[in-house]
Amino acid sequence: MLDKTYDPSEIEPRLYEGWERAGAFACDPNSNAAPYTIMIPPPNVTGSLHMGHALTFTVQDTLIRWQRMKGRDVLWQPGTDHAGIATQMVVERLLEEQGTSRRALGREEFVERVWQWKAESGGTITQQLRRLGASLDWPRERFTMDDGLSVAVRKVFVDLYREGLIYRDRRLVNWDPKLQTAISDLEVENLEVKGSLWHIRYPIEGEPGRLITVATTRPETMLGDTAVAVHPDDARYRDLVGRNAILPLVGRRLPIVADEYSDPEKGTGAVKITPAHDFNDFIVGQRHRLPMPSILDRQARVVLAEIDDSLTMVDGVADPAFVRSLEGQDRNAVRRAIAAELERLGLLEKTEPYTHQVPHGDRGGVPIEPLLTTQWYCNAEVLAKPAIEAVETGRTVFVPKQWENTFFAWMRDIQPWCISRQLWWGHRIPAWYGPDGRVFVAASEDEAKAEARAHYGRDEALTQDEDVLDTWFSSGLWPFSTLGWPEKTKELARYYPGDVLVTGFDIIFFWVARMMMQGMHFMGDVPFRTVYIHGLVRDERGQKMSKSKGNIIDPLELIGKYGADALRFAICALTGPGRDVKLSASRVESYRRFVTKLWNAARFCEMNGIRPDDTFDPSRATLPLTRWILDALNRAITEADAALEAYRFDEYAAACYRFVWDTFCDWFVEFAKPALDNAEVKQTAAYVLGTVLRLMHPAMPFVTEELWDRFGFGAPCSLIRAPWPEPVAVADAEAARAELDWVVRLISEVRSVRTETHVPPGTPTPILLRDATAETLERGGRWIEAIRRLARASEFAPLAGEVPKGAAQLVLDEATVVLPLAGIVDVGSERTRLTRERDKASGEARKIAQKLDNADFVRRAPEEVVEENRDRLAAMQADIARLEAALLRIG
RNA sequence: GGGCGCGUAGCUCAGCGGGAGAGCACUGCCUUGACAUGGCAGGGGCCACAGGUUCAAUCCCUGUCGCGCCCACCA
């Protein structure tokens, strides 16, 4: 006997273990079935399950379970990402607590510690994914720094280097002074900052008293100024072009150059040029062959080494001693000191409050500093071309399609990808340097040595590049590196390309684009045929979830409270195309009620001896009731399958919900109650239950499997691989639908009238039909038990004689249903009700009549639309006439 | 500055050329043997605004307003 309530906390872990132990999640490379592959977006090894994960993995697991039931040989490839910066930060924080540090340990020891940490704590998220019910093929779990994957990374690096697509370059990078590494453009986040705009006066050389004022938000970088730029057409400054300004504090001579970069509308129209500390200034500097002194070090502290020799004393303007006092100070302190000094010298014209966007590192959270460094770059422009083409030609499609534009926009204007990072945790760059600085790029140190020997003619000591690769460089290989590439494995041949990639739009650039580029380049084919992009999870007010806002909902908490099924179903139900998912605990709670409803429907079946029966053939059902429910089930199956096919998880959920709750529980079970002695009804109920369990399994794997097992629809833990439901042939479905539709309408209408005329709920009343056809009366006779129970009828019969005084009346098709309730029914309410019904119908009829009176409508609208309106008008008018008659009778 | 998305019931959203829908919330009634995590019934909407196309517009087009996001810029 099923318990009265369903308790997921005990059942879910047990079932998951059962599946996993049975190998139910495993793909079968030797299978004859068509493969279906989804590559998990590998979560950071530091991660713990958040709502975004819950969304993306619920969607993936739903697809995977659906396809598995459809008989495909599914591979859902699990794994985690080494997440260079994130992981290094976590372990560094840990070391700090232990009173030591990365630098104190040294590189080798530190990396060893990270591996240790990974062994101990890196499995958190994979355990949490199990609680969500994710049916990943765990024995195939990979980590982006596994040996095999590292081989792939090195091969890719070496190949691209040899093709000239990876190279070293000295240029400005986004430097994170907190993490002390370069980061890519994508890892930069613009934040609004309330700062100041300083207007600084630069004296003109050889013209005492004349000044040119520049406006800047970063006075501290002026130490590195090497020019002042004005627009060539700017009349205010035309005579100054070609002359020099004197850089305050430093005393350096700055050429005043004409450059279109300068915008006369902005600031003062004259802009200071600091090529080593600003991306635009860097370009201007290149154009005018300006020196590019760096005045900030890797921690954004002032260093004077590159400007020392240009420090000059200029009375009242420049003071090398002051500048030297800034050495080693942080950029923020220097900003204040410089502003104060300029103020003192009378060179600060004004300071305005100024709100502007400042680029910050998205990990470290501090403003990034453009720094001139040598880094490794990947020529993404070349790699992007085949990837763009693959999407243009539809070899990979995005769902929803509009995301293709986002993809194109970025890919068509892609910048060189800085792939080196100044970290210790990650794939170390396979490049070694000889004593003369010559670089040898090779898959291993031995190979590099061999190359060096060939080059130098003898053994030379080589030193490996200190940097590691951007994490996304290795995750970009995920779709094939996990399958054994560069080995030609059976899995690689079978499961590449994948069928669908599921992810959020926020990583289209980071990851999807890189997989497309690297997949096209190294596999010669797209990594996946479909990219399904889901929205972001937000709180119920539509706010992004964040720690600082304190609006984070923890999926594990929800699973603990409501069960994984409820959470998963809520996610499906809320996941519309191109929409963010606004989730609240109350939504999950309401779907927990749905789980309970299903559970109790099953409990009803169990209590009434409804059991699986393999001998039952639904296509041979004979009763209107069984044909009706089987037909409705057919439609639910068709809708659900089409919805999943179209990635409409919301529609899939809705189709399940409506069928189970509205059709099966609210009507079928009620109709079946008086007919439980009928074998066909019971067999049908069992069949429908079993089918519903299969239909809902992808979204609600646990409760469905539990019921499947308990009822013995199959062996324990077998629903996961049970066949996906298909519609069955139902004879005379149309007639069954018409009949049950009539019964439902009769019962609903009678209930409605009873409530509105204040008939006490417990009081049975006769249901008498006026003007009913013989067919209608027979039909009612067939359903007399249901009508008795559900419409509280004491009898169902044709009306003999006139409608009695004080009766309630309602119009149902050709018949007028009379409830003779003299003394019980509230006549006043009944008159009001009938009048309202009549007026509603008249209003509707008037609108239709107007339409039909319009000659243009009749002439130009499609015939069937005109016909439909004529029919509706006729039906409406008949109803009105019957309602009028009923009103007359009531007096 | 460029682009994308969204404004439909109190809330969250579906619908998308011919009769305004769902869930939750709300109101009233009902502890009937599956389920009160339930049942039955009910109220609630110039489908953001203004034009246009059309026989017909919540739906298509244009514009306006509002909200959100992405990219670029960021003196």
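Letters go in sequence order (proteins before strands), and every chain restarts at 1. When reading the values below, keep in mind they use all heavy atoms of this one structure, side chains included, and skip hydrogens, waters and symmetry mates.
- Distance OH (Y261(A)) to P (rC73(B)): 10 Å, rounded to an integer number of Å.
- Taking every side-chain heavy atom of S262(A) into account, rA75(B) is the closest of rA75(B), rC4(B), rG7(B).
- Closest approach to the V669(A) side chain among rA34(B), rC30(B), rG15(B) is made by rA34(B) (side chain taken as heavy atoms from C-beta onward).
- In this structure, L191(A) places its CG atom 13 Å from P of rC69(B), rounding to the nearest Å.
- More than 12 heavy atoms of other residues, nucleotides or ligands lie within 6.0 Å of CZ in R412(A), so this atom counts as buried by the packing criterion.
- Separating the CD atom of Q357(A) from the P atom of rC71(B) is a distance of 11 Å, rounded to the nearest angstrom.
- The side chain of R872(A) places an N or O atom within less than 4.0 Å of a non-bridging phosphate oxygen (OP1 or OP2) of rG19(B).
- Contacts of K673(A) with the nucleic acid, taken as non-hydrogen atoms under 4.0 Å apart, include base atoms.
- Sorted by residue number, the members of residues 843-851 of chain A with any non-hydrogen atom under 4.0 Å from RNA chain B read E844(A), K847(A), K851(A).
- The separation between D662(A) atom CG and rG23(B) atom P is 7 Å, rounded to whole Å.
- Nearest nucleotide to the side chain of R860(A), out of rA75(B), rA14(B), rC55(B): rC55(B).
- Taking 4.0 angstrom as the limit, K582(A) places a side-chain polar atom (N or O) nearer than this to OP1 or OP2 of rC13(B).
- Nearest approach of A229(A) to D259(A), heavy atoms of both residues: CB-CB, 4.3 Å.
- No side-chain donor from either of E749(A) and S752(A) sits under 3.5 Å from a side-chain acceptor of the other.
- Considering only the side chain of D856(A), rC55(B) comes nearest among rC55(B), rC70(B), rC29(B).
- Using a 4.0 Å cut-off, no side-chain N or O of R603(A) falls inside it from OP1 or OP2 of rG38(B).
- Relative ring orientation between F664(A) and F668(A) is described as parallel, the plane-to-plane angle staying below 30° on a 0-90° scale split at 30° and 60°.
- Between the CG atom of D413(A) and the C1' atom of rC71(B) there is a distance of 9 Å, rounded to whole Å.
- Relative ring orientation between W599(A) and Y6(A) is described as tilted, the plane-to-plane angle lying within the 30° to 60° band.
- Between Y532(A) and F649(A), the distance from one ring center to the other falls under 6.0 angstrom.
- With rG39(B), rG15(B), rA75(B) as the choices, the nucleotide that has an atom nearest any side-chain atom of E651(A) turns out to be rG15(B).
- Between rC35(B), rC55(B), rA75(B), one nucleotide has an atom nearer to the side chain of N600(A) than all others, and that is rC35(B).
- When Watson-Crick and G-U wobble pairs are counted only if both distances are under 3.5 Å, rU32(B) pairs with no nucleotide at all.
- F671(A) has its ring centre less than 6.0 Å from the ring centre of W667(A).
- Remark: R611(A) does not engage E606(A) in a salt bridge, criterion side-chain N to carboxylate O under 4.0 Å.
- Comparing rC13(B), rC55(B), rC24(B) by their nearest atom to the side chain of R579(A) picks out rC13(B).
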With 3.5 Å as the limit, what N/O pairs link the protein to nucleotides 41-43 of chain B?
residue : atom : partner : partner atom : Å
rA41(B) : O3'  : S752(A) : OG           : 3.4
rG42(B) : OP1  : S752(A) : OG           : 3.0

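- When distances run from any side-chain atom of R593(A) to the nucleotides rC55(B), rC6(B), rG38(B), the shortest one goes to rG38(B).
- Here rA72(B) presents its P atom at 8 Å from CZ of F509(A), a figure rounded to the nearest Å.
- Partner of E756(A) under the salt bridge (Lys or Arg N to Asp or Glu O under 4.0 Å) criterion, chosen from R751(A), R833(A), R836(A): R836(A).
- D263(A) contributes a side-chain N or O that, together with a main-chain N or O of E265(A), makes up a donor-acceptor pair within less than 3.5 Å.
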